[in-house]
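Here's the structure we're looking at; comments come further down.
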Amino acid sequence: MLRLFEHDSVSFETGQTATLNDSVNVQVSYEINGNRTLKFDYPMSDEKAALIKENMIVVCEGQAYRIMKLNRSFKGECFLNAQCCHVYNADAPKIHIQNLPDMIGCTPTEIIKRAFSSSPFTFFTDSELEQRGMVRVDYDGFKIDFFSEDKTNPYDVMTAVIKNCGKGEVFADNYKIALVERIGKDNGLRLRLGKNMSNLSVERDITNLVTRLYPYGSNDAHIGSVNGGKQYIESANADVYGIREGFADYSDYVSPEKILNRARWEFDSENADRIDVPDINISGDIIDLSRLAEYGDFEKLSIGDTVIVADGDELIRERIIKIKRYPMEPRQTEVSIGRIKKDLFFYLDQMGTLSKRYRKISTGSGKVRAMSIAGNVNVEGIGINSNGDREFSGAVDAPYLTVAGIKINEQNGELYINGKKILVEEVVVE
């Protein structure tokens, strides 16, 4: 059922104006980092219709929505049609910030807390997020530089911070918010026709697919000087889809090395928006089995959840990025399944992961090459990392340099990992 509250309510346990028992055509829609809406019709013949006014708040399934539009329609009888936005979407853009100053080397959470400081919104604590299976986008200490903005609002600041981070998803529970790494969970739930899907559409689109990329930086700088004379990079998927050429402008970058790193990200397996695979767009109607007694929460679907879609013999594992539900009708739920548009390159690059992954493996004079190692060699205090996630610092243990079970013999350049000799093309320790 829907509950009606006054426009200035921020708590919704008590104090409701009315219970809108006769609401029909109730629909909620939720898109990650996008719109979150409620629509419903209410018969004008009911005396409670006179209480429903624009700007009031309606609570549906525990979430508060502000009435943004009202109109009357006649469908056999006269109905009041209400269109509402979640209080985060409705209120955060309507809080004026005259100036938000430079915040250099700050966490995203510090920045958005400053932006929301004069608002009714509060923030989830780390323990509260942990209980919900989420973490802040900057839980690992990630920091960004935010430059001054005039005449803005908290909603736009949040959007700018997400863009700056390259990732992040807004989690809003009424007037309590957080910027988290991801919402939803990987519940392994399978969706298939004949069980919990009444129809399914799977579209594969190669319109934007590129397997040979020509990257350019500022003033058309290219990568030839650091890429063996070639001004392009090629994906391994060229063997599958053939040569499909394209270009990219990275005007923020000047050095060829930085341009090359940025271009490699376009083909990276960690990049959800990589350009060398077809776009897959999945949509369908779901029977919400969680609302049927015999299934319950085991079949519950939420925004952001990772699900497995059975398309014939193929299993596609993706997230629910948009969901439209009809709370009073469990057999009508529409979902869009795919990938969140974001750019982890900037996040990984600032954290150092990409620079280690793509850095030319060398000492200051360029004399170390370790092409046989499945990982990265980092010569900043001599470190070898098998997965590129972090750097080690080592102490000299003559005649070896020893780092966490890894030894390099200074005398003959032999490399040992946990006592096992590893073949290396050339190692010179300076």
Next item on the list: Please determine if Arg182 and Glu169 form a salt bridge, counting it only when a charged side-chain N lies under 4.0 Å from a carboxylate O.
Entry: no

Note to self: Does atom NZ (Lys48) have a neighbourhood of more than 12 heavy atoms from anything else shown, all under 6.0 Å?
What the structure shows: yes

Checklist line | Within 6.0 Å of CD in Glu47, more than 12 heavy atoms from elsewhere | finding: no

Check: More than 12 heavy atoms of other residues, nucleotides or ligands under 6.0 Å from CZ of Arg204: is that the case?
Finding: yes

Margin query: I need the minimum non-hydrogen distance between Gly105 and Asp145, along with the two atoms involved.
Written below: N-OD1, 2.8 Å

Margin query: Please check: side-chain N/O of Asn219 versus main-chain N/O of Ala221, any donor-acceptor pairing under 3.5 Å?
Written below: no

Item checked: Atom CZ of Arg212 with >12 non-hydrogen neighbours under 6.0 angstrom -> yes

Note to self: So that I can tick it off, tell me whether Glu266 and Arg262 are bridged by a salt bridge, with the cut-off set at under 4.0 angstrom between side-chain N and carboxylate O.
What the structure shows: yes

Next item on the list: Flag the pair Lys143 and Asp138 as a salt bridge only when some basic side-chain nitrogen lies within less than 4.0 angstrom of an acidic carboxylate oxygen.
Entry: no

Next item on the list: Check whether any side-chain heavy atom of Ile111 lies under 4.5 Å from a side-chain heavy atom of Ile144, and answer yes or no.
Entry: yes

Margin query: Show the nearest heavy-atom pair for residues Asn81 and Ser73, with the distance to one decimal.
Written below: OD1-OG, 2.9 Å

Check: Does any non-hydrogen side-chain atom of Glu334 lie less than 4.5 Å from one of Tyr326?
Finding: yes

Note to self: Tell me whether the count of non-hydrogen atoms from other residues, nucleotides or ligands lying under 6.0 Å of CG in Asn35 goes above 12.
What the structure shows: no

Notebook entry, point to check: According to the interplanar angle, ranging from 0 to 90°, do the rings of Tyr88 and Tyr155 count as parallel (below 30°), tilted (30 to 60°) or perpendicular (above 60°)?
Noted result: tilted

Next item on the list: Could you tell me which non-hydrogen atom of Glu77 sits nearest to which non-hydrogen atom of Ser45, and how far apart they are?
Entry: OE1-OG, 3.7 Å

Check: Does Arg244 use its side chain to pair, donor to acceptor, with the backbone of Ile206 at less than 3.5 Å?
Finding: yes

Margin query: Between Thr109 and Thr107, do the side chains contain a donor N or O and an acceptor N or O under 3.5 Å apart?
Written below: no

Next item on the list: Please confirm whether the backbone N or O of Phe12 pairs with a side-chain atom of Arg3, one donor and one acceptor, at under 3.5 Å?
Entry: yes

Note to self: For a quick test of reading the model, state the closest non-hydrogen atom pair linking Thr306 to Arg317 and the distance between them.
What the structure shows: CG2-CG, 3.7 Å

Item checked: Any donor-acceptor N or O pair under 3.5 Å, side chains Thr19, Asn21 -> no

Check: For Phe146, what residues pass the ring pair (Phe, Tyr, Trp, His ring centres under 6.0 Å) criterion, not counting sequence neighbours?
Finding: none

Item checked: side-chain contact (heavy atoms from CB on, under 4.5 Å) between Val309 and Glu318, worked out -> CA-CA 8 Å; Val309 179; Glu318 292 291 355; over 6 Å; no

Note to self: With heavy-atom distances below 4.5 Å as the criterion, would you say the side chains of Lys151 and His96 are in contact?
What the structure shows: yes

Item checked: Working for side-chain contact (heavy atoms from CB on, under 4.5 Å), residues Val24 and Phe79 -> CA-CA 10 Å; Val24 295; Phe79 280 91; 3.7 Å; yes

Item checked: Evaluation steps, side chain to side chain donor-acceptor pair (under 3.5 Å), between Asp249 and Ser251 -> CA-CA 6 Å; Asp249 281 317; Ser251 57; over 6 Å; no

Item checked: Reported CG-to-CZ distance for the pair Asp91 and Phe116, which is rounded to 0.5 angstrom -> 10.5 Å

Item checked: Arg66 CZ to Leu38 CG distance, which is reported to the nearest 0.5 Å -> 13.0 Å

Margin query: Whether the Gln98 and Asp150 side chains hold a donor-acceptor pair (N or O, under 3.5 Å, no angle test) is what I'd like checked.
Written below: no

Check: What do you reckon, are the aromatic ring centroids of Phe247 and Tyr232 less than 6.0 Å apart?
Finding: no

Next item on the list: Report the residues that fulfil ring pair (Phe, Tyr, Trp, His ring centres under 6.0 Å) with Tyr216, sequence neighbours left out, ordered by chain and then residue number.
Entry: none

Note to self: Are the side chains of Val157 and Leu100 in contact, using a 4.5 Å heavy-atom criterion?
What the structure shows: yes

Note to self: Ignoring hydrogens, what is the shortest heavy-atom contact between Leu179 and Val170? Give both atom names and the distance.
What the structure shows: CD1-N, 4.2 Å

Notebook entry, point to check: Crowded around Glu245 CD? As in, over 12 foreign heavy atoms under 6.0 Å?
Noted result: yes

Margin query: Could you tell me if the side chain of Leu2 sits less than 4.5 Å from the side chain of Val26, heavy atoms only?
Written below: yes

Next item on the list: Can you measure from CG (Leu260) to NZ (Lys230) and round to the nearest 0.5 angstrom?
Entry: 12.5 Å

Next item on the list: Evaluate the side-chain proximity of His222 to Ile259: yes if any heavy-atom separation is below 4.5 Å, no if none is.
Entry: no

Next item on the list: Kindly say whether Ile275 contributes a backbone atom to a donor-acceptor pair with the side chain of Asn237 at under 3.5 angstrom?
Entry: no

Notebook entry, point to check: Heavy-atom count around Lys176 NZ within 6.0 Å, excluding the residue itself: above 12?
Noted result: yes

Check: Distance-only, no hydrogens or angles: does the Asn89 side chain make a donor-acceptor pair with backbone N or O of Gly34 under 3.5 Å?
Finding: yes

Notebook entry, point to check: Counting N and O atoms only, with roles assigned by atom type, does the side chain of Asp102 sit under 3.5 Å from a partner on the main chain of Ile104, one being a donor and the other an acceptor?
Noted result: no

Next item on the list: Answer yes or no on whether Arg36 is positioned over the face of Tyr30, meaning its NZ or CZ is under 6.0 Å from the six-membered ring centre and within 45° of the axis.
Entry: yes

Check: Can you check side-chain contact (heavy atoms from CB on, under 4.5 Å) on Phe40 and Leu20, steps first, answer last?
Finding: CA-CA 10 Å; Phe40 66 93; Leu20 306 179; 4.1 Å; yes

Item checked: Close side-chain approach of Val28 to Glu61, heavy-atom, < 4.5 Å -> yes

Margin query: Please report the interatomic distance CG(Asp285) to NZ(Lys324), rounded to the nearest 0.5 Å.
Written below: 10.0 Å

Notebook entry, point to check: Atom CD in Glu31, atom CD1 in Ile321: separation rounded to 0.5 Å?
Noted result: 6.5 Å

Notebook entry, point to check: Can you tell me if Asn55 uses its side chain to pair, donor with acceptor, with the backbone of His7 under 3.5 Å?
Noted result: no

Check: Is the shortest heavy-atom distance from the side chain of Ser302 to the side chain of Ile320 under 4.5 Å?
Finding: no

Next item on the list: Return yes when atom CG of Asn99 has more than 12 non-hydrogen atoms of other residues, nucleotides or ligands closer than 6.0 Å, and no otherwise.
Entry: yes

Next item on the list: Identify the heavy atoms of Phe267 and Ser235 that sit nearest to each other, and give their distance.
Entry: CE1-N, 3.5 Å

Next item on the list: Start with the C-alpha distance between Arg325 and Leu301, add both sets of side-chain angles, then the distance that settles side-chain contact (heavy atoms from CB on, under 4.5 Å), and finish with yes or no.
Entry: CA-CA 11 Å; Arg325 301 179 55 251; Leu301 288 173; over 6 Å; no

Check: Hey, is the main chain of Glu128 close enough, under 3.5 Å, to the side chain of Arg132 for a donor-acceptor pair?
Finding: yes

Item checked: Exam field: side chain Thr152 to backbone Ile97, donor-acceptor pair closer than 3.5 Å -> no

Check: How long is the gap from CD1 on Ile32 to CD1 on Ile323, to the nearest 0.5 Å?
Finding: 10.5 Å

Next item on the list: Quick one: sort the His86 and Tyr65 rings into parallel, tilted or perpendicular, breaks at 30° and 60°.
Entry: perpendicular

